[in-house]
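Before any comments, here is the structure.
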Amino acid sequence: MSLRPFILGLAASFGLAWLLVVIVPFIMMRNLGPITLTKETDGAAGIFYPKRSGRIVNGAKVYAENGCYLCHTQVARPTYAGNDMYRADLAGLARDPERGDTRRETNAYDFEGETFAQIGLTRMGPDLANVARRFEAAVAAKGGGGDPAAMFYAHLYDPRRNPETRKSTCPSYRFLFTRREIKGQPSNEALPFGGDATSELLPSPDAKALVSYLLAMKKDQPVPAALNFAPPEPKAAAR
Ligand code: HEC
């Protein structure tokens, strides 16, 4: 083969992939407009605007800086790209105490407020799209004693501290915590472990932003019919 067709073939095979995987999705998703709700299908008029609360912008920055996206994804994949619905509590809770089955696919609106959608590179660790829901459910299962934020702090400080994840390969992010001498009252933000009579462990501002971001990982709010790729099946009687 001569050089010319080789170079052209190379350009075509990489260029086409680049066009379809990078450029086309970018053009389609860079400026997502609000979705108009319709009365018949959504039961309400107006526009759909996903709400997220927490330190999303700062937290996402700490998440990126520490390479969490290398091992954790944040997407319940659309079914055509590999079903995720069957995985326990990944796409939402199958048995949410208030709303029933809240599982759904992730969509571009779930990343509202973030500069980059950190969909992740690999699933070395569990998907985090709904990790806050899972942690809340774990706290509720223990009879409500506890706090999801405290679970996140403990995990970030030492993922192997919990006997259930003794062999966890999630790295420890100890450097996001500082040890401080107790002067007067101990801080109410101190970790429940690692302290002694004279010092205590405190989360740094970065750790607080990251945990606030993790606590906002509830990609299960109801979406308008226009976005719902897997609408619930009609009940037998309604058919
Ligand atoms: C080297 C890969 C790797 C990196 C990098 C990584 N993790 Fe993990 N993570 C894992 C693995 C594996 C698990 C599963 C074991 C466990 O639960 O500890 C896990 C578990 C978790 C869990 C518990 C999830 C659940 O559903 O129980 C959280 C939360 C978490 N990681 C947060 C983070 C955050 C935040 C970062 C970045 C600061 C991060 N991880 C970076 C591999 C990684």
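Excluded from the calculations below are hydrogen atoms, water molecules and symmetry mates; all remaining heavy atoms, backbone and side chain alike, are included. The structure presented is a predicted model; accordingly, all values stated were derived computationally and were not measured. For ligands, and for the atoms within them, numbers begin at 1 and follow the listed sequence.
A salt bridge does not link Glu112 to Lys51: none of the charged side-chain nitrogens sits closer than 4.0 Å to a carboxylate oxygen. Between Asp89 and Arg134 no salt bridge is recorded (no basic side-chain N to carboxylate O distance below 4.0 Å). Between Asp220 and Lys218 there is no salt bridge, since none of the side-chain N atoms of the basic residue sits less than 4.0 Å from a carboxylate O of the acidic one.
Leu156 counts as a contact of ligand 1, since one of its heavy atoms falls under 4.0 Å from the ligand.
The single protein non-hydrogen atom nearest to atom 41 (C) of ligand 1 is Tyr173 OH, 3.3 Å, given as residue, atom name and distance. Looking only at heavy atoms of the protein, atom 29 (C) of ligand 1 is closest to Phe152 CE2, 3.6 Å. In this structure, the protein non-hydrogen atom closest to atom 12 (C) of ligand 1 is Thr169 OG1, 3.1 Å. Of all protein heavy atoms, the one lying nearest to atom 27 (O) of ligand 1 is Phe135 CE1, 3.7 Å.
Residues passing the side chain to side chain donor-acceptor pair (under 3.5 Å) test with Gln118, sequence neighbours excluded: none.
Residues Pro171 and Arg160 approach most closely at C-NH2, 4.3 Å, considering heavy atoms.
Counting only protein atoms, the N, O or S atoms lying less than 2.8 Å from atom 8 (Fe) of ligand 1 are His72 NE2, Cys170 SG, ordered by chain and residue number.
For the pair Ser172 (side chain) and Tyr157 (backbone), a donor-acceptor distance under 3.5 Å is present. In terms of modelled atom types and a separation under 3.5 Å, the side chain of Ser212 and the main chain of Gly54 share no donor-acceptor contact.
Near Arg134, meaning under 4.0 Å from any of its heavy atoms, are these atoms of ligand 1: 26 (O). Residue Gly67 has at least one heavy-atom neighbour below 4.0 Å for each of these atoms of ligand 1: 5 (C).
Tyr69 and Leu176 end up in the same hydrophobic cluster when Ile, Leu, Val, Met, Phe, Trp and Tyr side chains are linked at under 4.5 Å.
In this structure, Lys219 forms a cation-pi arrangement with Phe111, its terminal cationic atom sitting closer than 6.0 Å to the ring centre and no more than 45° off the ring axis. A cation-pi geometry, defined here as NZ or CZ lying under 6.0 Å from the six-membered ring centre and within 45° of its normal, does not hold between Arg55 and Tyr213.
Within the 4.0 Å heavy-atom criterion, the part of Thr165 lying near ligand 1 is the side chain and not the backbone.
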